[in-house]
Amino acid sequence: MTSRRGEDPTPTTADAIGVLVVDDDFRVAQVHRAYVERLEPFRVVGVAGTGEQALAAVDGLRPDLVLLDLYLPDVFGLDLIPRLRTAGHDCDVMVVSAAREADAVRGAVRHGVVDYLLKPFEFEDLRGRLERYAVQRGRLLGAVVRGQADVDRVLAGAAAPVSPVLPKGMSAETAGLIERTLREAEGTLSATECARLTGVSRVSARRYLEYFHAAGCAEVSLRYGAAGRPERRYRFLGPGGGRSGGLRSGGGARA
């Protein structure tokens with residue numbers, strides 16, 4: 001187990017979200033750590049390679065969120081969650097695993113994980129989920145419950161994937177253009193096709209498409225070719241948190 005807190009006496013800021021990365025492959029863990037550290041307000045507080053190391057790390061570092069691999073050398077990842085709860089830890093858990101079995105997904109849901117991301121994934125895949133988590137966490141922490149209406153509002157808010165304020169560097173105009181293009185497409189669009197139709201770069205098109213996917217406005221399917229990585233294709237689903245009419249460019253990500 002490695003701990004950035006143990007190496008750096010400077011504590012994380014009060015509004016930071018501390019993350020523990022749990023993966024038995026050190027190289028994969030470092031990639032995931034680098035992904036997380038690119039996003040505000042997330043801070044990686046430690047890395048663990050086994051279930052026992054993860055339990056010790058949660059006890060000592062008190063992370064807000066655990067990125068949990070399921071195939072650990074000493075225990076199945078989901079079996080750690082009840083042990084964490086028994087020990088009094090209320091950290092959230094996001095599964096990041098290659099486990100595609102239906103039983104694993106159902107078990108994760110039963111254990112109350114906040115998300116389930118299949119390996120291998122790219123930065124933008126994790127980015128959307130962490131942004132969504134940060135918005136949900138902030139909403140829940142700031143909730144004031146005076147009656148049933150407040151409870152309903154909190155629960156409805158937890159189902160809303162993202163904030164209507166766009167992350168830093170994204171514009172409402174470009175978001176509207178991408179959304180209209182996706183909405184009017186017959187079938188699905190790749191980022192390359194979307195870029196050609198809108199005139200924006202492929203990288204920009206991919207970022208906005210992934211944002212709409214995280215917002216619940218678009219779904220992603222994979223098209224496999226003869227060789228290389230599968231192509232990610234996007235299809236418009238309908239109204240949601242990413243509708244351009246309600247989008248505003250923000251000075252920073254609402255995450």
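Since the model is a prediction, treat every value here as computed from it, not as a measurement. Every heavy atom of this structure was used, including side-chain atoms; hydrogens, water molecules and symmetry mates were not.
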Fill in: Working for salt bridge (charged side-chain N to carboxylate O under 4.0 Å, His left out), residues Arg232 and Glu122
CA-CA 11 Å; Arg232 293 174 69 83; Glu122 298 179 6; over 6 Å; no
Do we see a donor-acceptor contact under 3.5 Å between the side chains of [X] and [Y]?
X      : Y      : answer
Glu210 : Tyr234 : yes
Tyr133 : Asp92  : yes
Thr192 : Arg202 : yes

Can [Y] be reached from [X] by stepping across I, L, V, M, F, W or Y side chains whose heavy atoms are under 4.5 Å apart?
X      : Y      : answer
Phe76  : Leu20  : yes
Phe26  : Val28  : no
Val109 : Val114 : no

Output the distance between atom [atom1] ([X]) and atom [atom2] ([Y]), rounded to the nearest 0.5 Å.
X      : Y      : atom1 : atom2 : result
Ser201 : Arg207 : OG    : CZ    : 11.0 Å
Ile17  : Leu130 : CD1   : CG    : 8.5 Å
Lys119 : Leu70  : NZ    : CG    : 8.5 Å
Arg235 : Leu209 : CZ    : CG    : 14.0 Å
Glu193 : Thr188 : CD    : OG1   : 7.0 Å

Item to complete: Kindly state each residue pair satisfying ring pair (Phe, Tyr, Trp, His ring centres under 6.0 Å) with at least one member in residues 92-126, sequence neighbours excluded.
Response: His32-Phe121, Tyr35-Phe123
Specify the closest pair of heavy atoms between [X] and [Y], including all atoms of both residues, with the distance to one decimal.
X      : Y      : answer
Phe212 : Ala175 : CZ-O, 3.3 Å
Ala29  : Val47  : CB-CG1, 3.7 Å
Ala218 : Leu182 : CB-CD2, 3.7 Å
Leu72  : Thr50  : CD1-C, 4.2 Å
Thr181 : Cys194 : CG2-SG, 4.5 Å
Ala104 : Leu78  : O-CD1, 3.5 Å

For the residue pair [X] and [Y], establish whether any side-chain heavy-atom pair is separated by less than 4.5 Å.
X      : Y      : answer
Asp59  : Arg62  : yes
Arg132 : Asp115 : yes
Pro63  : Val19  : no
Ser97  : Asp69  : yes
Arg38  : Arg127 : no
Thr198 : Thr174 : no
Leu68  : Val113 : no
Ser221 : Glu231 : no

For the backbone of [Y] and the side chain of [X], can you confirm whether one donor and one acceptor N or O come within less than 3.5 Å of each other?
X      : Y      : answer
Arg129 : Asp125 : yes
Asp24  : Pro73  : no
Arg100 : Ala98  : yes
Tyr208 : Glu179 : no
Arg43  : Ala16  : no

Worksheet item: Does Glu37 come within less than 4.0 Å of Arg33, counting only side-chain N to carboxylate O?
Response: yes
Discussion item. Leu80 vs Val66, test: side chain to side chain contact (heavy atoms under 4.5 Å, CB included). Steps then yes/no.
Written reply: CA-CA 11 Å; Leu80 292 178; Val66 177; over 6 Å; no
